[in-house]
Amino acid sequence: MDFHSKKLINDPNDVVTEFIEGLIENYPGLQYLDGFPEVKVVLRADVSGAKYDKVAIISGGGSGHEPAHAGFVGEGMLTAAICGDVFASPNVDSILAGIRAVTGPMGCLLIVKNYTGDRLNFGLAAEQAKSEGYKVKMVIVGDDCALPPPRGIAGRRGLAGTLLVHKVAGAAAACGLPLADVAAEAKRASEMVGTMGVALSVCTLPGQVTSDRLGPGKMELGLGIHGEPGAAVADLQPVDVVVSHVLKEILSPETNYVPITRGSRVVLLINGLGATPLMELMIIAGKAVPELQLEHGLAVDRVYTGSFMTSLDMAGFSISVMKADQAILDRLDAPTKAPNWPVGAEGNRPPAKIPVPLPPSHSIKSDKTLSRPEKLSPQGHILEAAIEAAATEVVNLRDNLNEWDNKVGDGDCGSTMFRGAVAILEDMKKYYPLNDPAETINEIGASIGRVMGGTSGILYSIFCKAAYAKLKENAELVVTALHWADALEAAIAAVSKYGGASAGYRTLLDALIPALSALKERLNAGDDPVDAFIISAEAASAGAESTKHMQAQAGRSTYVPGDILASVPDPGAMAAAAWYRAAALTVKEKYNTA
């Protein structure tokens, strides 16, 4: 089923010219020729054709691949970029206008991706420019490694590896080399690079419908950058498997697309296709580097990761591998003012990881302190059972918490609390000194702090640290119910102080504050401590439910409309009430069976 995509545009016919206008506003070192809409050329603002004393480097093609090609215009890289309409080769007049605008006595080099329309239009423009007296050479880049030979007269497609050729040529031109030498370096670089792409979705042209050519759970291998079908459609695999396959195709000795063998030095470029998060691109880079090193025996000298040559809003990536020597590395490392050229890591790398420093409290603790006692005291048994019940309740509540949080937050409350609860259950078996309530609470905080991210993690860490400090004030061996109530009060005060929330703010405190109030009231009235605990748990549950009627004043829920909040309790409050109630019921059960 096809559907209209959502685009932040005006008239679909104006997207390229409006992109250029926005680009120029961002980068004062760039300008464009006043020939819209037929002539769409971005060029360096510091270059005047008749007076320019270096070889001009000109590239371009259809738009929709941003930041390529206009984003790579700048000293040390492209002198001009010729922009066609989306996925359409620029016309001859545009290319000629670009040549005339930036080409001086040293001539110009046209770097063209290997697509029929680009070859023909740039080729005709080159011949026309030569007839006008300009010195012009052209290098065609075909770095695609996805399609098996023979490929007929079309040849290998030009992909993201073209950007590495741009950089080599731009650096050579900046050194003042003559046209023939600059062209030779660009030609050599083009023969050293191979690229293959993988798509998880197809792209959508402005004003057109989105195709469902790729179904759920499918990926396309070896696609082109214009949305054309790839070499094969396959089931989606873990990224390790996909990266391994792509690198094997690029480096295949059967096709011999690139002259890379074991022991070679290489440059790696990980390119997003438009809708791939940087997180995923970095994961790909993190898998590709060791794969090249360990499986293919290559030295990876430079890594560039980002979205450089995209395909509109396509989800996916391409990998380019270029054989490198010191001459190529020097060109890639040479300075450039092109706004979208990345900074590649170079030189001797420090170790990728170093040990995590231990906090002073852990480094001075004895093994006995950080281990479970061989024999638990009666209080230790009850404390263990209460902790286990509370953590297990949170584990079981994960999906409900996530469901509530999807409506009023960022959808991860259950998953975050789940990680903390699982860590508590695992650490309790080994490390918690359960006969010492204060130190046990401190270790619970350490477990939470290690695995729980976000606001919940830090708030519960503060909660435990404050309760620990209060319990440590007690010099007696036995912790009484009043001691626990004082610790709860201190913990709530610390969370309120540092988190900024209080009663009625629609947070976990709306469960814990009523619990504390009921607990202290019943204890001061002389009630049995276990009964007081149960009554306070009921108050916690009622407080959590009451958050449906509160307007959020803290956290992400503050951005949610009141009518939505009215149907959903605060997930943090529900979680707090749940573990508190589970602990209370377990304590009651243990005392009743004692």
* Structure fact -> When every non-hydrogen atom of Ala573 is compared with those of Asp570, the smallest separation belongs to N-OD2, 2.8 Å
* To do: Carefully, step by step, assess Leu329 and Arg302 under the rule side-chain contact (heavy atoms from CB on, under 4.5 Å).
  => CA-CA 8 Å; Leu329 293 176; Arg302 302 288 185 274; 3.7 Å; yes
* To do: Output yes when a side-chain donor or acceptor of Ser201 lies under 3.5 Å from a complementary backbone atom of Ala315, and no otherwise.
  => yes
* Tell me, do Phe308 and Leu269 make a side-chain contact under 4.5 Å, heavy atoms counted? -> yes
* Is a side-chain N or O of Thr276 found less than 3.5 angstrom from the main chain of Gly316, in a donor-acceptor match? -> yes
* Asked: Hey, would you say the Tyr32 and Phe36 ring centroids sit under 6.0 Å apart?
  -> yes
* **N/O donor-acceptor pair under 3.5 Å between Thr195 side chain and Ser320 backbone** => no
* To do: Check for a donor-acceptor pair, side chain of Lys7 on one end and backbone N or O of Thr204 on the other, with a separation under 3.5 Å.
  => yes
* Atom pair CD (Glu66) and CZ (Phe72), whose distance is rounded to the nearest 0.5 Å -> 10.5 Å
* Does the side-chain contact (heavy atoms from CB on, under 4.5 Å) test come out yes or no for Cys83 and Ile20, once each step is laid out? -> CA-CA 9 Å; Cys83 305; Ile20 292 173; 4.1 Å; yes
* Asked: Are the side chains of Lys323 and Arg265 in touch, meaning some heavy atoms are under 4.5 Å apart?
  -> no
* Asked: Does Leu401 offer a backbone N or O that forms a donor-acceptor pair with the side chain of Asp405 under 3.5 Å?
  -> no
* Asked: Which value, rounded to the nearest 0.5 Å, describes the distance between Ile57 atom CD1 and Leu110 atom CG?
  -> 9.0 Å
* Contact summary for Ala389 and Ala582, nearest pair of heavy atoms -> O-CB, 3.6 Å
* **From CA spacing to verdict: side-chain contact (heavy atoms from CB on, under 4.5 Å), Ile225, Tyr115** => CA-CA 11 Å; Ile225 54 173; Tyr115 293 97; 3.5 Å; yes
* Does NZ or CZ of Arg156 lie under 6.0 Å from the centre of the six-membered ring of Tyr257, at an angle within 45° of the ring axis? -> yes
* Return the orientation label for the Phe87 and His65 ring planes: parallel under 30°, perpendicular over 60°, tilted otherwise. => parallel
* To do: Calculate, to the nearest 0.5 Å, the distance between atoms CZ and CD1 belonging to Phe463 and Ile448 respectively.
  => 9.0 Å
* Asked: Does any N or O in the side chain of Thr162 come within less than 3.5 Å of the main-chain N or O of Leu159, such that one atom is a donor and the other an acceptor?
  -> yes
* **Check: Thr392 side chain, Glu388 main-chain N or O, donor-acceptor pair, under 3.5 Å** => yes
* Between the side chains of Asn91 and Ser94, does any donor sit under 3.5 Å from an acceptor? -> yes
* **Between CG on residue Leu163 and CG on residue Asn271, distance to nearest 0.5 Å** => 7.0 Å
* Closest non-hydrogen atom pair between Pro259 and Met192, with its separation -> CG-SD, 3.7 Å
* To do: Using a 4.5 Å cut-off on heavy atoms from C-beta on, say whether the side chain of Ile284 contacts that of Ile319.
  => yes
* Determine yes or no for a side-chain-to-main-chain donor-acceptor pair under 3.5 angstrom, with Asp14 supplying the side chain and Asp11 the backbone. => no
* Any Lys/Arg nitrogen of Arg157 or Asp143 sitting under 4.0 Å from an Asp/Glu carboxylate oxygen of the other? -> no
* Asked: For Gly543, does its backbone N or O pair with a side-chain atom of Ser546 as donor and acceptor, under 3.5 Å?
  -> yes
* To do: With side-chain contact (heavy atoms from CB on, under 4.5 Å) as the test, would you mind laying out the steps for Leu164 and Lys167 before giving the verdict?
  => CA-CA 5 Å; Leu164 298 172; Lys167 184 63 176 66; 5.7 Å; no
* Asked: Considering only heavy atoms from C-beta outward, does the side chain of Val422 approach that of Val395 to under 4.5 Å?
  -> yes
* Asked: Do you see a donor-acceptor pair shorter than 3.5 Å between the side chains of Ser415 and Asn402?
  -> yes
* Short side-chain donor-acceptor distance under 3.5 Å, Asp118 and Ser89 -> yes
* So how far is it from Ile111 CD1 to Leu78 CG, rounded to the nearest 0.5 Å? -> 6.5 Å
* Answer whether the closest heavy-atom distance between the side chains of Ser59 and His166 falls below 4.5 Å. => yes
* To do: Flag the pair Tyr304 / Trp341 as yes when their ring centroid distance falls below 6.0 Å, and as no otherwise.
  => yes
* To do: Measure the shortest side-chain to side-chain distance between Ser447 and Ile444 over non-hydrogen atoms and say whether it is less than 4.5 angstrom.
  => no
* Side chain to side chain, Asn121 and Ile95, heavy atoms closer than 4.5 Å -> yes
* Lys113 vs Arg119 side-chain heavy atoms within contact, under 4.5 Å -> no
* Asked: Are the side chain of Ser264 and the backbone N or O of Thr261 linked by a donor-acceptor pair below 3.5 Å?
  -> yes
* Asked: How close do Asn114 and Gly142 get, heavy atom to heavy atom, and via which atoms?
  -> CB-CA, 4.1 Å
* Asked: Are any of the side-chain nitrogens in Lys548 or Glu545 under 4.0 Å away from the carboxylate oxygens of its partner?
  -> yes
* To do: With rounding to the nearest 0.5 Å, note down the distance linking CE in Met322 to CD in Glu191.
  => 10.5 Å
